[in-house]
Structures are given as C-alpha cells and as structure tokens.
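Structure first, commentary second.
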Amino acid sequence: MERLATELAALGEEATRVGRPIDREGGLREFDLLGGRGFISFLAVPRHACVYVCNITWYG
C-alpha cells in the first residue's frame, strides 16, 4: 500500500483523475486492486504532493 500511495503522489495533479469516478476529477477517489479483488479509497492533494489513503477494502 505504501508503494502504491507513493506512486499516486508522484503523479502530482494527475492523481486527481485516477480511478473512479471517471466523469469528474478531485475529491475522494477509488482505485481497483488486483483485478477487482479489492479497492482503495484515497484523496489526492497535489498542492501538498501527497495522497491520503482513507480506506482499504479486500474481498479475498
């Protein structure tokens, strides 16, 4: 998870468009893990160059 959060933060402003919802950018985002076996909810803050991981859901 730490590596994924680091990679999302490295995207900078583009991290606000990663994952769902696809029709708008910014706000709380969701990103699927391992082909739909789970997802993470995160908030990208490009101004601070960081990503706040809010929730990890695993359907394993």
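Bear in mind that the values here come from a model prediction, so they are computed numbers and not experimental data.
- Atom CG of Leu8 sits about 5.5 Å away from atom CD1 of Ile40, to the nearest 0.5 Å.
- Put simply, the side chain of Val51 does not reach to within 4.5 Å of the side chain of Leu43, judged on heavy atoms.
- Residue Leu28 is not grouped with residue Leu11 when hydrophobic side chains (ILVMFWY) are merged at heavy-atom distances under 4.5 angstrom, including chains of intermediate members.
- Interatomic distance, Trp58 CH2 to Leu33 CG, rounded to the nearest 0.5 Å: 7.0 Å.
- No more than 12 heavy atoms of other residues, nucleotides or ligands lie within 6.0 Å of CD1 in Ile22, so this atom counts as exposed by the packing criterion.
- Expressed to the nearest 0.5 Å, how far CD of Glu25 lies from CD of Glu14 amounts to 8.5 Å.
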| task | Under the side-chain contact (heavy atoms from CB on, under 4.5 Å) rule, what do Thr57 and Asn55 come out as? Steps first, then yes or no, please. | result | CA-CA 7 Å; Thr57 302; Asn55 189 25; 3.4 Å; yes
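- No more than 12 heavy-atom neighbours from other residues, nucleotides or ligands sit within 6.0 angstrom of CD on Glu13.
- Salt bridge annotation for Arg37-Asp32: absent, with no cationic side-chain nitrogen under 4.0 angstrom from a carboxylate oxygen.
- Across every non-hydrogen atom of Ala44 and Pro46, the tightest pair is O-CD, 3.5 Å.
- With Arg29 contributing its side chain and Pro21 its backbone, the two residues share a donor-acceptor pair below 3.5 Å.
- There is a path of hydrophobic side-chain contacts, each under 4.5 Å, that joins Val18 to Leu4.
- Ring geometry for Phe31 against Phe42 counts as perpendicular: the plane angle is over 60°, on a 0 to 90° scale with 30° as the lower cut.
- Nearest approach of Val53 to Ala5, heavy atoms of both residues: CG2-CB, 4.0 Å.
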